[in-house]
Protein chains: 2
Amino acid sequence: MTEELSVLHPDVVAKVKASMAAEETLYDLAELFKVFGDSTRIKILSALFQSEMCVGDIAVALGMTQSAISHQLRVLKQAKLVRYRKEGKVVYYALDDDHVKEIFHQGLNHINEDRR
Amino acid sequence: MTEELSVLHPDVVAKVKASMAAEETLYDLAELFKVFGDSTRIKILSALFQSEMCVGDIAVALGMTQSAISHQLRVLKQAKLVRYRKEGKVVYYALDDDHVKEIFHQGLNHINEDRR
DNA sequence: TAGATATATGAACATTTGTTCACATGTATA
DNA sequence: TATACATGTGAACAAATGTTCATATATCTA
């Protein structure tokens with residue numbers, strides 16, 4: 001960042017900078033997408049698309065360790081993408097809101113478009 | 001993955017596994033979101049939201065190195081999130097399609113919902 | 001043609017991240 | 001109450017990732 005960069009289009013740069021969302025908002029947005037950007041977490045979300053599930057069953061469905069799933073569920077929980085309810089020693093996880101589904105579907109749209 | 005996991009709800013697991021998208025599709029989806037999951041790339045996309053821009057101006061607008069921007073533009077290009085056109089020695093980048101905007105906005109919706 | 005400018009790229013380095021392993025916590029049941 | 005079971009969690013390790021630095025490539029202009 002120490003290099004000297006000349007501005008080719010000062011008007012454009014000024015207008016663009018003025019129109020951009022707050023630094024913090026963009027950071028939060030990147031953090032949100034980061035959560036979607038892991039195949040284990042995407043698989044978990046995809047599974048919960050169908051119905052709520054407990055931790056052990058998710059692990060079996062994905063062929064992964066209970067511990068790995070639990071770690072990732074924590075990430076999804078912190079991002080408010082999933083919610084949970086306890087029933088005795090079993091914990092059931094479910095998608096938290098419909099934004100998850102919509103973000104998911106928009107992503108699929110883009111991917112399918114690529115394959116035309 | 002060597003541990004023994006018992007299935008608590010065999011019916012649910014079977015139904016969920018049957019309903020999930022193909023492994024490869026979910027992998028590609030995660031790869032797509034991974035591209036959105038970096039604040040530099042999010043800022044670049046956010047900037048291009050307003051108008052097309054050349055590499056140097058993006059660097060100035062974001063206060064970052066030309067090299068860093070160029071590296072990230074390559075990632076965005078590979079994911080088909082941006083396209084470019086050359087005009088002499090200047091290269092202008094722009095958003096590739098509207099899915100980018102929609103995914104972006106869905107993400108913002110989720111974030112704003114969190115702040116209620 | 002030589003030099004300046006805009007962009008691209010490879011290697012190196014530090015940081016982040018996901019899984020594993022071992023074990024802690026909490027709950028049901030014999 | 002002791003044991004089994006479901007889940008959560010910290011530390012360690014390997015792999016992936018983003019930036020920097022140096023330099024390559026391409027194009028314009030004096």
Side-chain angles (χ1 to χ4, degrees), chain A residues 1-9 12-13 26-27 30-45 52-79 82-94, chain B residues 1-9 12-13 26-27 30-45 52-79 82-94:
Chain A
M1 253 191 61
T2 44
E3 86 190 89
E4 288 299 326
L5 280 174
S6 57
V7 183
L8 264 61
H9 311 279
V12 172
V13 171
L26 294 174
Y27 180 82
E31 289 301 303
L32 173 65
F33 286 125
K34 203 171 287 182
V35 176
F36 282 91
D38 172 77
S39 52
T40 297
R41 291 190 292 265
I42 279 285
K43 284 178 194 169
I44 292 175
L45 292 176
E52 70 167 15
M53 287 176 102
C54 67
V55 181
D57 285 351
I58 297 176
V60 170
L62 305 195
M64 294 183 67
T65 290
Q66 176 271 322
S67 177
I69 299 299
S70 188
H71 276 297
Q72 297 308 335
L73 282 170
R74 185 160 52 84
V75 175
L76 292 168
K77 204 190 319 175
Q78 282 170 346
V82 301
R83 52 185 161 73
Y84 66 96
R85 71 184 174 83
K86 281 184 81 167
E87 197 168 287
K89 55 186 168 185
V90 182
V91 182
Y92 293 93
Y93 283 85
Chain B
M1 252 193 61
T2 44
E3 87 193 88
E4 289 298 326
L5 280 176
S6 57
V7 183
L8 264 62
H9 311 279
V12 172
V13 171
L26 294 174
Y27 180 81
E31 289 302 303
L32 173 64
F33 286 124
K34 201 171 289 182
V35 176
F36 282 90
D38 172 77
S39 52
T40 296
R41 289 190 293 266
I42 280 285
K43 285 178 193 168
I44 293 175
L45 293 175
E52 71 168 13
M53 281 212 265
C54 67
V55 181
D57 285 352
I58 298 174
V60 170
L62 305 195
M64 294 184 66
T65 289
Q66 174 271 320
S67 177
I69 299 299
S70 188
H71 276 298
Q72 297 307 335
L73 282 171
R74 184 162 53 82
V75 175
L76 292 168
K77 203 190 322 177
Q78 283 170 346
V82 302
R83 53 186 160 72
Y84 66 96
R85 72 183 174 84
K86 280 184 80 167
E87 198 169 287
K89 55 187 169 184
V90 182
V91 181
Y92 294 92
Y93 283 84

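In what follows, every heavy atom counts, from backbone to side chain, and hydrogens, waters and symmetry copies are set aside. Throughout, protein chains are lettered first and strands after them, A, B, ... in sequence-line order, and every chain is numbered starting at 1. Keep in mind it's a predicted model, so treat the numbers as computed, not measured.
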[X]: what forms a side-chain contact (heavy atoms from CB on, under 4.5 Å) with it, not counting sequence neighbours?
X	value
B:Val90	A:Leu8, B:Cys54, B:Tyr92
B:Val13	A:Met53, A:Asp57, A:Val60, A:Ala61, B:Val7, B:Lys17
B:Lys77	B:Val82, B:Tyr84, B:Tyr93
A:Ser39	B:Tyr27, B:Ala30

Measure the distance from [atom1] on [X] to [atom2] on [N] and round it to the nearest whole Å.
X	N	atom1	atom2	value
B:Glu87	D:dC28	CD	C1'	13 Å
A:Ile69	C:dT20	CD1	C1'	13 Å
A:Glu31	D:dT17	CD	P	15 Å
A:Gln78	C:dG18	CD	C1'	14 Å
B:Met64	D:dT20	CE	P	6 Å
A:Leu62	C:dT20	CG	P	12 Å
B:Arg41	C:dT16	CZ	P	15 Å
B:Asp38	C:dT15	CG	C1'	13 Å

| query | With sequence neighbours excluded, what pairs up with B:Gln78 under the side-chain hydrogen bond (donor to acceptor under 3.5 Å, both in side chains) test? | reply |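 For B:Gln78, no residue satisfies side-chain hydrogen bond (donor to acceptor under 3.5 Å, both in side chains) once neighbours in sequence are set aside.
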| Rounded distance (nearest 0.5 Å) linking atom CG of B:Leu76 with atom OG1 of B:Thr40 |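 Between B:Leu76 CG and B:Thr40 OG1, I get 10.0 Å after rounding to 0.5 Å.
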| Euclidean distance, A:Gln72 CD relative to A:Ile44 CD1, rounded to 0.5 Å |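 Those atoms lie 6.0 Å apart.
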| query | Within the structure shown, what part of the strands sits under 4.0 Å from A:Leu8 by heavy-atom distance: base, sugar-phosphate, or nothing? | reply |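 Contact class for A:Leu8: sugar-phosphate only.
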| message | So, OP1 or OP2 of C:dT7: does either fall under 4.0 Å of a side-chain N or O from B:Lys86? | response |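 Checking B:Lys86 against C:dT7: no side-chain N or O falls below 4.0 Å of OP1 or OP2.
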| Quick one: is C:dT20 close enough that its OP1 or OP2 comes under 4.0 Å of any side-chain N or O from A:Thr65? |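 For C:dT20, OP1 or OP2 has a side-chain N or O of A:Thr65 closer than 4.0 Å.
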Report each atom pair, protein N/O against N/O of nucleotides 8-13 of chain C, whose distance is under 3.5 angstrom.
{"from": "C:dA8", "atom 1": "OP1", "to": "B:Tyr93", "atom 2": "OH", "distance (Å)": "2.7"}
{"from": "C:dA8", "atom 1": "OP2", "to": "B:Ser70", "atom 2": "OG", "distance (Å)": "3.0"}
{"from": "C:dA8", "atom 1": "N7", "to": "B:Gln66", "atom 2": "NE2", "distance (Å)": "3.0"}
{"from": "C:dT9", "atom 1": "O4", "to": "B:Ser67", "atom 2": "OG", "distance (Å)": "2.7"}
{"from": "C:dG10", "atom 1": "O6", "to": "B:His71", "atom 2": "NE2", "distance (Å)": "2.8"}

| field | A:Ser6, nearest nucleotide to its side chain (from C:dA6, D:dT19, D:dT17) | value |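 The listed nucleotide nearest to A:Ser6's side chain is C:dA6.
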| message | Ring-plane angle category for A:Phe33 and B:Phe36, please: parallel below 30°, perpendicular beyond 60°, tilted otherwise. | response |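 Rings of A:Phe33 and B:Phe36: tilted, 30 to 60°.
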| query | Between B:Tyr92 and A:Lys34, which has a closest nucleotide on DNA chain C that is more 5'? | reply |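 Closest to the 5' end, via its nearest nucleotide, is B:Tyr92.
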| request: Specify the angle, to 10°, made by the local axes at the two ends of the helix from C:dT1-D:dA30 to C:dA30-D:dT1 when five pairs are taken at each end. | output: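 The helix from C:dT1-D:dA30 to C:dA30-D:dT1 shows an end-to-end axis angle of 10°.
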| message | Contact between B:Arg85 and B:Glu52 at the side-chain level, heavy atoms closer than 4.5 Å - yes or no? | response |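 The answer is yes, as the side chains (C-beta and beyond) meet within the 4.5 Å cut-off.
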